[in-house]
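Note sheet for the following structure.
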Amino acid sequence: QVSLVESGGGSEQAGGSLRLSCTMSGFSGEGACMAWFRQAPGKKREGVAYIYTALGGRTHVADSVKDRFSLYKDNAVKNTVHLQMRSLKSEDSAMYYCAADLSGPKCYYQDYLFGYWGQGTQVVVSN
């Protein structure tokens with residue numbers, strides 16, 4: 001049984017930093033597409049960043065946040081990724097979800113293709 005657990009959300013002032021973590025358990029394959037999405041109240045869910053976790057896998061960060069966010073694997077803990085968020089803005093406030101797709105060596109932001117989701121972690125950025 002594959003499951004995802006997010007951590008690291010919370011409240012932060014604008015300009016601050018947070019690091020979100022996602023650990024996937026129950027998967028022993030070579031690689032998976034692990035992605036972060038976020039959804040603010042009244043808004044559509046949007047893809048923030050993704051990484052294919054196999055060696056040499058691609059990482060992508062959405063244009064809207066690429067100058068402030070980064071995504072990387074934890075080389076010590078398998079199937080764990082971290083979303084480092086810097087220079088936070090109030091518009092970054094949202095529920096952040098980690099998702100995984102295990103179907104093959106590709107990664108994307110189409111949320112309907114992800115079969116596994118975490119419960120979400122709330123990020124609140126205040127001015």
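The structure presented is a predicted model; accordingly, all values stated were derived computationally and were not measured.
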For [X] and [Y], work out which heavy atoms get closest and say how close.
X: Met95; Y: Gly120; result: SD-C, 3.7 Å
X: Glu46; Y: Ser64; result: OE1-OG, 4.3 Å
X: Ser93; Y: Ala40; result: O-CB, 3.6 Å
X: Ile51; Y: Val81; result: CG2-CG1, 3.7 Å
X: Cys22; Y: Trp36; result: CB-CZ2, 3.5 Å

Please determine whether residues [X] and [Y] belong to a single hydrophobic cluster, defined as Ile, Leu, Val, Met, Phe, Trp and Tyr linked transitively by side-chain heavy-atom distances below 4.5 Å.
X: Val48; Y: Met24; value: yes
X: Leu20; Y: Tyr109; value: no
X: Leu113; Y: Trp117; value: yes
X: Val124; Y: Leu18; value: no
X: Leu102; Y: Leu4; value: yes

Let me confirm one number: the [atom1]-[atom2] distance from [X] to [Y], rounded to the nearest 0.5 Å.
X: Asp111; Y: Asp101; atom1: CG; atom2: CG; value: 12.0 Å
X: Tyr52; Y: Thr59; atom1: OH; atom2: OG1; value: 12.5 Å
X: Thr53; Y: Tyr72; atom1: OG1; atom2: OH; value: 16.0 Å
X: Ser17; Y: Arg68; atom1: OG; atom2: CZ; value: 10.0 Å

Sidechain-backbone polar pair: Gln119 side chain, Glu6 backbone, donor-acceptor under 3.5 Å: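 It does not hold such a pair.
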Is it true that Asp63 and Lys66 make a salt bridge, defined as a side-chain N closer than 4.0 Å to a carboxylate O? yes
Applying side-chain contact (heavy atoms from CB on, under 4.5 Å) to His82 and Asp74, what does each step give before you reach the verdict? CA-CA 7 Å; His82 304 288; Asp74 190 317; 2.9 Å; yes
Passing option when Phe37 is tested against Tyr112, Phe114, Tyr108 for ring-ring contact (aromatic ring centres under 6.0 Å, His included):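 So, applying the ring-ring contact (aromatic ring centres under 6.0 Å, His included) to Phe37 and each of Tyr112, Phe114, Tyr108, only Phe114 qualifies.
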Would you say Glu30 has more than 12 foreign heavy atoms packed within less than 6.0 Å of its CD?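 At most 12 heavy atoms, drawn from other residues, nucleotides or ligands, come within 6.0 Å of this atom.
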More than 12 heavy atoms from other groups under 6.0 Å of CD on Gln122: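 Yes, the 6.0 Å shell around CD holds more than 12 heavy atoms from other groups.
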Qualifying residue for side chain to side chain contact (heavy atoms under 4.5 Å, CB included) with Glu12, from Val123, Leu88, Asp92: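 Between Glu12 and the candidates, side chain to side chain contact (heavy atoms under 4.5 Å, CB included) is satisfied uniquely by Leu88.
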Check Arg58, Met34, Lys106 against Tyr50 for a side chain to side chain contact (heavy atoms under 4.5 Å, CB included) and give me the one that passes. Arg58
For the residue pair Tyr116 and Phe27, is the inter-centroid distance of their aromatic rings smaller than 6.0 Å?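 Tyr116 vs Phe27: aromatic centres not under 6.0 Å.
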